[in-house]
Number of protein chains: 2
Amino acid sequence: MLQEDYLEDYQNLFSVFNAIHPLSEELKSAIIKNSHIAKVDKKTTLLSAGENSNTIYFIVSGGARVYYLDKDGKQTNTWFLFENELLISVYGFFTGQPSFEYIETLEDTTLIVVKREKLDELYLKFMEFNYIGRKLTEYYYIRNEVQANELRMLSAKERYEQLFKRNPQLFQRVSLGHIASYLGISQETLSRIRK
Amino acid sequence: MLQEDYLEDYQNLFSVFNAIHPLSEELKSAIIKNSHIAKVDKKTTLLSAGENSNTIYFIVSGGARVYYLDKDGKQTNTWFLFENELLISVYGFFTGQPSFEYIETLEDTTLIVVKREKLDELYLKFMEFNYIGRKLTEYYYIRNEVQANELRMLSAKERYEQLFKRNPQLFQRVSLGHIASYLGISQETLSRIRK
DNA sequence: AGCCGTTTTTGACTTTTATCAAAAGTCATA
DNA sequence: TATGACTTTTGATAAAAGTCAAAAACGGCT
């Protein structure tokens with residue numbers, strides 16, 4: 001693939017960042033230099049429990065889910081992420097502890113891949129990049145908080161209705177089984193709620 | 001109260017920050033200049049639902065809880081925070097939206113008070129302060145995530161045991177009723193679990 | 001169109017936790 | 001030490017959601 005195509009893949013990343021804080025050309029090329037593009041098939045596992053999570057992804061196209069296995073070995077989805085969103089196992093990536101989560105693509109997906117040590121170099125070399133990192137962390141924190149609060153505050157039915165109202169496209173891209181586990185309910189209960 | 005006493009109140013804040021990234025003297029005095037100390041009684045409401053949350057607190061001594069009212073008007077605690085921890089309503093403070101949460105002190109409490117616009121000035125003037133802000137945001141994000149995951153993954157009993165193991169001192173400082181709501185269970189159920 | 005594998009729905013039953021009401025315990029203080 | 005306010009426990013019942021098993025529906029492919 002030609003270099004120009006790769007550059008194109010970075011445009012959305014840069015515009016997400018630039019909307020938060022202006023990016024110098026120097027920082028842009030440092031980002032390109034410290035990352036690479038990966039194209040992976042649907043159902044590719046990007047991270048498994050027990051591994052060290054030392055990679056952050058920006059989804060250029062496609063989508064992925066983050067899930068863990070509960071004590072009976074059942075998968076529970078905690079996140080669905082799609083194009084122009086960042087993809088990590090938050091706990092593993094931020095703490096450096098082995099991950100308890102898995103990351104798996106839901107579709108054929110193009111990713112910008114940044115290793116943690118490269119990211120840390122960028123943070124140390126370009127202090128203004130921390131402004132962007134801080135804002136993005138706040139943004140995903142809020143999303144996490146909203147989701148956690150909904151799990152607390154709302155009944156199964158209300159959670160379903162809320163998700164359906166806020167994110168109806170999700171139902172086009174993700175199976176009801178996955179959505180049920182994301183909502184913290186059994187597939188059977190979701191099926192009954194939908195009637 | 002003498003200026004020296006105030007300075008003393010900042011020492012723990014500075015050492016928390018300094019452990020993340022070295023603080024210049026200039027940044028330290030800017031922090032002091034952009035904040036003030038407040039001493040408030042037990043059961044003081046620092047934020048109410050519907051208000052704009054434009055203040056971040058560092059708890060010098062004492063403690064506070066963050067809670068919301070569910071649709072039946074029942075209080076549900078989402079956080080307990082004590083000395084050397086930051087205190088905000090995350091959603092309200094980060095989004096600028098009116099808060100759905102309340103903040104109330106649990107004890108007589110001494111706080112370092114920073115208004116959001118002052119904090120934003122610090123972030124723009126001292127880019128390295130974003131490094132600290134980013135790391136702290138990551139830290140509280142993780143705590144939130146761990147708590148949210150426990151609510152998802154564990155039964156009422158397991159959540160209680162986990163909390164008791166990790167944070168037994170909490171039970172000295174906070175009533176069982178408050179802890180029950182934090183754990184997402186009724187007080188009666190908590191009482192039964194404890195036997 | 002027909003087949004296979006996967007996803008979704010349905011029914012019967014069980015488990016977990018909530019709710020309501022009342023009793024008992026704790027603690028500060030008059 | 002008796003009082004009143006608040007917190008915690010206990011008992012009985014109810015509601016919400018889970019589990020298991022089987023049937024039905026759907027989607028891709030030949």
Side-chain angles (χ1 to χ4, degrees), chain A residues 41-44 63 65 67-78 80 104-108 147-164 168-195, chain B residues 41-44 63 65 67-78 80 104-108 147-164 168-195:
Chain A
D41 290 338
K42 183 173 172 163
K43 297 217 175 186
T44 300
R65 67 189 178 108
Y67 68 94
Y68 63 83
L69 299 184
D70 70 18
K71 53 185 174 303
D72 305 322
K74 215 183 62 227
Q75 298 185 357
T76 302
N77 297 120
T78 52
F80 300 115
E104 188 188 270
T105 53
L106 290 162
E107 307 171 357
D108 293 353
Q147 188 198 330
N149 281 330
E150 285 178 1
L151 276 175
R152 260 181 187 275
M153 301 172 76
L154 305 180
S155 68
K157 186 172 183 189
E158 290 168 326
R159 294 202 296 277
Y160 165 73
E161 285 164 353
Q162 187 72 31
L163 182 66
F164 192 82
Q169 334 80 278
L170 190 64
F171 292 76
Q172 251 85 70
R173 294 179 86 167
V174 172
S175 77
L176 289 175
H178 281 331
I179 287 176
S181 100
Y182 177 78
L183 289 171
I185 60 187
S186 70
Q187 179 165 175
E188 294 92 327
T189 300
L190 178 58
S191 175
R192 291 181 176 112
I193 283 169
R194 281 163 62 83
K195 282 195 320 189
Chain B
D41 290 338
K42 184 174 170 162
K43 297 216 175 187
T44 300
R65 67 189 177 105
Y67 68 94
Y68 64 84
L69 299 183
D70 70 17
K71 53 186 174 300
D72 306 321
K74 214 183 65 229
Q75 297 184 358
T76 302
N77 298 120
T78 51
F80 300 115
E104 188 188 270
T105 52
L106 291 162
E107 309 170 357
D108 293 352
Q147 188 198 330
N149 280 330
E150 286 179 359
L151 277 176
R152 260 181 187 274
M153 301 173 74
L154 305 180
S155 68
K157 185 171 184 187
E158 291 167 326
R159 295 202 295 277
Y160 165 74
E161 285 163 354
Q162 187 72 31
L163 183 67
F164 192 82
Q169 335 78 280
L170 190 65
F171 292 76
Q172 252 86 69
R173 294 178 86 168
V174 172
S175 77
L176 289 174
H178 280 331
I179 287 177
S181 101
Y182 176 78
L183 289 171
I185 59 185
S186 70
Q187 180 165 176
E188 294 91 329
T189 300
L190 178 57
S191 176
R192 291 182 175 111
I193 284 169
R194 280 165 62 83
K195 281 197 319 188

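Numbers restart at 1 for each chain; the letters A, B, ... are given by sequence-line order, proteins then strands.
Going from atom NE2 of B:H178 over to atom CG of B:L170 covers 10.5 Å, rounded to the nearest 0.5 Å. Here CD1 of A:I193 is found 10.0 Å from CD of A:E158. Values are rounded to the nearest 0.5 Å.
Atom pair A:H178:NE2 and C:dT7:C1' shows a separation of 11 Å (rounding to whole Å applied). Remark: P of C:dT8 and CG of A:L190 are 9 Å apart, rounded to the nearest angstrom. Between the P atom of C:dT8 and the CD1 atom of A:I193 lies a distance of 14 Å, rounded to the nearest Å. For the pair B:I179 CD1 and D:dT7 P, the interatomic distance rounds to 13 Å; values are reported in whole Å. As a whole-Å value, the separation of A:K42 NZ from D:dG28 C1' is 11 Å. In this structure, the NZ atom of B:K195 is 15 Å from the C1' atom of C:dT17, given to the nearest Å.
At distances below 3.5 Å, at least one donor-acceptor pair connects side-chain atoms of A:Q147 with backbone N or O atoms of A:T78. Side-chain atoms of B:R152 come within 3.5 Å of backbone N or O of A:Y182 as a donor-acceptor pair. Within the 3.5 Å criterion, the main-chain N or O of A:T105 finds no donor-acceptor partner in the side chain of A:T44. Checked by atom type and distance alone, the side chain of B:D108 never pairs as donor or acceptor with a backbone atom of B:D41 at under 3.5 Å.
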Chi angles and distances behind the side chain to side chain contact (heavy atoms under 4.5 Å, CB included) call for B:R159, B:I185: CA-CA 10 Å; B:R159 295 202 295 277; B:I185 59 185; 3.3 Å; yes

Worked check of side chain to side chain contact (heavy atoms under 4.5 Å, CB included) between A:L163 and A:F171: CA-CA 9 Å; A:L163 182 66; A:F171 292 76; 4.1 Å; yes

Side chain to side chain contact (heavy atoms under 4.5 Å, CB included) evaluation trace for B:M153 with A:D70: CA-CA 7 Å; B:M153 301 173 74; A:D70 70 18; 5.7 Å; no

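Of the residues in residues 180-187 of chain B, those placing a heavy atom less than 4.0 Å from an atom of DNA chain C are B:G184, B:I185, B:S186, in numerical order. Of the residues in residues 151-161 of chain B, those placing a heavy atom less than 4.0 Å from an atom of DNA chain C are B:S155, B:A156, in numerical order.
With C:dT7, C:dT17, C:dT9 as the choices, the nucleotide that has an atom nearest any side-chain atom of A:L176 turns out to be C:dT9.
Results of the salt bridge (charged side-chain N to carboxylate O under 4.0 Å, His left out) test with B:E107 over B:K43, B:R173, B:K42 single out B:R173 as the only residue that passes.
Of the side-chain N and O atoms in B:K74, none sit less than 4.0 angstrom from OP1 or OP2 of C:dA18.
Annotation for A:Q187 and A:G177: closest pair NE2-CA, 3.7 Å, computed over non-hydrogen atoms.
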Footprint string (nucleotides 20-27 of chain C, 5' to 3'): B base within contact, S backbone only, - free, heavy atoms under 4.0 Å: BB------

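Nucleic acid contact class of B:S191 (heavy atoms, under 4.0 Å, all strands): base.
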